Amino acid sequence: MLTLTVNGQQKQVDVENDTPLLWVIREHLQMTGTKFGCGAGLCGACTVHLDGTAVRSCQTAARDAVGKKITTIEGLTVGGKPHPLQDAWIAEQVAQCGYCQSGQIMQAASLLATNRDPTKAEIVAHMDGNLCRCMTYGRIQKAIIRAAADIRAKSGA
Amino acid sequence: MTHIERNSLRRRSFIVGASATGLAFGYVAANGIKDALAAQSFGPTAWYSIGPDGIVTVMVGKAEMGQHVSSTMCQIVAEELEADWSKVRIALPNNDPKYNDPMLGALITGGSWSTRMNFETMSRAGAAGRITLIEAGAGLLGVPVGECRASNGQVIHSKTGKKVSYAKIVADGKASKTWTPDELKAIKLKTPDQYKLVGVAVPQLDIPSKTNGTAKFGIDTMVPGMLYGRPVMPPVRYGATVKAVDETEARKVKGYVKAVTLDDKTGTTSGWIVAVATTYEGAKKAADALIVTYDKGPNANVSDQTIIDEAKKLQASDAAGQLFVSQGDPAAAIAGAAKTVEAEYLTSINIHAPLEPMNATAYEQGGVWHVHTGNQFASRTGGIAAAALGVDPKNLVLHQYFMGGGFGRRLDADMVIPAVLASKAVGKPVKLIYAREDDMAMDFTRPLTYQKVKAGVDADGKLVGLQHDVVCAWPTARWGIPEFLTPAVDKKGPLDGFTVNGADFWYTVPNHKVRAILNELAQRATPSGQLRSVAPGWTFWAVESLIDELAHAAGKDPVDYRLAMLDGAGNNAGGAKKLANALRTAAGRAGWGSVTLPKNTGMGIACVSSQERATATWTACAATVEVNPTSGAFEVKKLNVAMDLGTVINPDGVKAQIEGSTLWGMSLALFEQATLKNGALQATNFGDYTPMRMSEMPELDISIIANNDPPSGCGEPAVTVVAPAIANAIFNAVGVRVRSLPITQAAVRTALQAKKT
Ligand code: FES
Ligand code: FES
């Protein structure tokens, strides 16, 4: 038994220590917003936050997430209020098949948490590990820029 | 295996009547009306329904894989229905034939056909619903029907402004009507100037759920008590058999249940095993721990080179293949030509790799099998699952989901076989998920293609004769559905038109032959599939490269040279001029001939009539590419794409599709290559099969040309136009020609070195 903190809630899971966090979240806890794309750290579909930092849950052993705050796409909406990135994703009509987008949004959220005015080059550098097979890259960039502006405007910066 | 009944809708009536969930609207076979009415309801929902809350739910029989076709279909219905867009929802049907595509007679999504084929049917369904609601609404308002109209989910009495909502009319429960086929046909549909939703960039209905994790894909299926399976794939793509399985190590894995060796009666798979465990991580560990002895079968020595050698041998034989195009006498024209040009064009094996790996969840309940998976060809896939189980297809329900990418991969049915056979073997529900490595190794690939062209030009450089041979595996022939094959013009039996489409271009060439040749060796070793854009992805690679070569040889401008051949003569009337217009647009937007490019930078042009001649979308691309003349390294700076696709239902959706497919075209042209070695596909994961990343994206400029022609597909054509535009740009930059896809730095360097010596 491991105790994990997912989106602010304590969860007991009966898994082996080395089970990838991805399968714990998706299958054991049945929170399916986090996606499996490659299982090898190559696509970013499984991206979640550990204490606010974006990590590949397929490359994170469940044991290593114990005692840390795990945030998934389901936890990005706080109190029914979508994250500015989620609004921007709709405004820019980013998603095609949508399968990569949970991971894209989680990856982008970790960028905006520390950089509220990223340049295009910074966005590309931060996002390049997240594959989108539908190639929605242009809209992802626009949505991140829009969300950043939105966050700055709201905080009066 | 699957019988495709075309055009079955022509004999159908349309009925509106009460159902369990409100008011249902749907087509029924003429003889089915009585039954449907007698049953008081014909739900759950055929085509669409309106609930007492006014929510309009449209059953979309089209696979939603990111092209937003579900939303587009809703837009078409909602336009004529006068529905309130904020109240429209998508529902995905199972494989019941009542949801079949009215034109194709099956549940299938591909070929960019959806919008074109369904536009009128969906429009009439919406209009019949609107008229029925107006009649019922007028009754409720106590006013004459003729004085009422519908707008935004309400019936309005024009004189007094009195209104009643669709929700109220449905709640009242009295609306009901049967439309005969003739009455349906007599409905006057809106003209484009009356459109409120068609042509408007309304927000796509499927997008919000894809930003918060709630969109459900096949892989998200959860069934109580289910076990997990991971396939163990054989060391060759096809033809292996399992000799022995040693489970000693696997048994040590926590939760291990069993290894199921598949006895696949459909022949879709060969030599597959499923490791079943109580968890997926357990199934994965067990799969790795199984020690399997195989007989690798007859294809273990087949590699890329073997396939190419065989293709060349076939092409050299006059007896091989069948004719797809035969016009005039190219042999004589070429023999009498002032100059002849011969060239070979190749494209590599490519794999789909949608981001959601293949998966399916299967179980039996009360004598009925249930399979949950996102699939583009539910009719056939359900049939194959039933055949693998040996049950009547009537007793198998395929449940549809959003697809985490399709691109043609989910037209195939392989993923349901390990799921149903494993579930049958363990007597419990099984959720089967391919690891990425399994998904890549067993892809139904875009086949390796070899094309040989022989062209004759007159003293002016004009193309007077062309012989074009296309040799590859035949993806569609593998399906065994005769209706999907094309009769050969030389009467030598059916050919796979999905290997030569596009070669029947709109240029006027007086003497022209196109021969389709099946490479059986490749067909056996690498069962091929439909990969986004299919044949035009390779035929235009050859045609548009060749035309460029001929233009340069004649000392003519490649745009002018093409325009001269797009004269619209004879049966090229109409289309050729639209293509010429798209060509001018892309060239103009790029500044063709007017901008001064830096040294070693070139602009290349290409234009295509993908997908099929009968359903062409008119697309052109200008590519700007900078090449390092020493190393051969190159960078695509910009792609200008222009597309004429008739009626545009959702301009932003169209733009999104063009963006994605343009980048797909570039990804295939430069970054994606799988090879076959000793019968096995050499691609394991996104480390060695490498679709384009964000950092590799060029600048894009997209022009949409909309006229009021019937809508044509926009998700595939751009895939086909980019590769030749890039190759032509490289030629213009540094004077070397690459004739093999993908275009690599090494290939450019080799060509540069050959030019120097
Ligand atoms: S699934 Fe984790 S990076 Fe691809
Ligand atoms: S939207 Fe399909 S993979 Fe990104």
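Chain letters run A, B, ... following the sequence lines, proteins first and then strands; every chain starts at 1. Just so we're clear, the structure is a prediction, and the values are computed from it rather than from any experiment. All heavy atoms count here, side chains included; hydrogens, waters and symmetry mates do not.
- In this structure, the separation between OH on B:Tyr689 and CZ on B:Arg436 is 11.5 Å, given to the nearest 0.5 Å.
- Put simply, the side chain of A:Gln101 reaches to within 4.5 Å of the side chain of A:Thr136, judged on heavy atoms.
- Between the B:Asp439 side chain and the B:Pro357 main chain, no donor and acceptor come within less than 3.5 Å of each other.
- Distance alone, capped at 3.5 Å, places no donor-acceptor pair between the B:Arg409 side chain and the B:Asp443 backbone.
- Contact annotation for B:Met403: only backbone heavy atoms (N, CA, C, O) come within less than 4.5 Å of a heavy atom of chain A.
- Taking A:Asp87, A:Val94, A:Ile73 one by one and counting their heavy-atom pairs under 4.5 Å with chain B, the maximum is reached by A:Ile73.
- Within the 4.5 Å cutoff, side-chain heavy atoms of B:Phe402 are placed close to those of B:Lys210.
- The distance from the OG1 atom of B:Thr279 to the CH2 atom of A:Trp23 is 10.0 Å, given to the nearest 0.5 Å.
- Only the side chain of B:Ser667 comes within less than 4.5 Å of a heavy atom in chain A; its backbone stays farther off.
- Both the backbone and the side chain of B:Phe686 come within less than 4.5 Å of a heavy atom in chain A.
- Between the side chain of A:Arg133 and the main chain of B:His352, a donor-acceptor pair closer than 3.5 Å is present.
- For chain A, the nearby part of B:Ile433 is the side chain; its heavy atoms alone come within less than 4.5 Å.
- Residues B:Pro698 and B:Lys637 fail the side-chain proximity criterion, which asks for heavy atoms closer than 4.5 Å.
- Contacts between B:Asn359 and chain A at a heavy-atom distance below 4.5 Å are absent for every atom of the residue.
- Contacts between A:Ile90 and chain B at a heavy-atom distance below 4.5 Å involve backbone atoms as well as side-chain atoms.
- Ranked by heavy-atom pairs under 4.5 Å with chain A, the first of B:Asp220, B:Ile207, B:Ile219 is B:Asp220.
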field: side chain to side chain donor-acceptor pair (under 3.5 Å) between B:Thr445 and B:Asn350, intermediate numbers included
entry: CA-CA 6 Å; B:Thr445 70; B:Asn350 286 109; over 6 Å; no

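- Both the backbone and the side chain of B:Ala353 come within contact range of chain A, each with at least one heavy atom under 4.5 Å from a heavy atom of that chain.
- Your options are A:Glu74, A:Gln86, A:Gln93, and the one with the most heavy-atom pairs under 4.5 Å with chain B is A:Gln93.
- Looking at A:Arg26, the atoms closer than 4.5 Å to chain B (heavy atoms on both sides) sit in the backbone and in the side chain alike.
- Most heavy-atom pairs under 4.5 Å with chain A: of the set B:Arg693, B:Lys254, B:Glu281, B:Glu659, this distinction falls to B:Arg693.
- At least one test fails for A:Arg146 against the ring of A:Trp89: distance under 6.0 Å to the centre or angle within 45° of the axis.
- A distance-only check finds a donor-acceptor pair linking the side chain of B:Glu64 to the backbone of B:Val69 [under 3.5 Å].
- Heavy atoms of B:Pro203 lying under 4.5 Å from chain A belong to its backbone as well as its side chain.
- In terms of heavy-atom pairs under 4.5 Å with chain A, the best-connected choice from B:Gln204, B:Met692, B:Lys285 is B:Met692.
- For a heavy-atom cut-off of 4.5 Å, chain A lies close to B:Met226, B:Tyr228 in residues 223-233 of chain B.
- Heavy-atom distances place no part of B:Glu699 under 4.5 Å from chain A, backbone and side chain included.
- Judged by distance alone, the side chain of B:Asp438 and the main-chain N or O of B:Ala435 form a donor-acceptor pair under 3.5 Å.
- Here the side chain of A:Arg139 pairs a donor or acceptor atom with the backbone of A:Glu92 at under 3.5 angstrom.
- Contact annotation for A:His28: only side-chain heavy atoms (C-beta onward) come within less than 4.5 Å of a heavy atom of chain B.
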query: Does the side chain to side chain donor-acceptor pair (under 3.5 Å) test come out yes or no for A:Asp128 and B:Ser695, once each step is laid out?
result: CA-CA 6 Å; A:Asp128 215 32; B:Ser695 57; 2.6 Å; yes

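- Of all residues in residues 211-218 of chain B, those placing a non-hydrogen atom less than 4.5 angstrom from a non-hydrogen atom of chain A are B:Thr211, B:Asn212, B:Gly213, B:Ala215, B:Lys216, B:Phe217.
- Most heavy-atom pairs under 4.5 Å with chain B, from the set A:Cys132, A:Ala40, A:Cys38: that is A:Cys38.
- Within the 3.5 Å criterion, the main-chain N or O of B:Gly715 finds a donor-acceptor partner in the side chain of B:Arg532.
- Using a 4.5 Å cut-off between heavy atoms, B:Ser209 does not touch chain A at all.
- Between the side chain of A:Lys69 and the main chain of A:Gly52, no donor-acceptor pair closer than 3.5 Å is present.
- When atom types are taken as modelled, the side chain of B:Asn650 and the backbone of B:Val202 share a donor-acceptor pair closer than 3.5 angstrom.
- Side-chain atoms of B:Asn685 never come within 3.5 Å of backbone atoms of B:Gly687 as a donor-acceptor pair (strictly under, hydrogens ignored).
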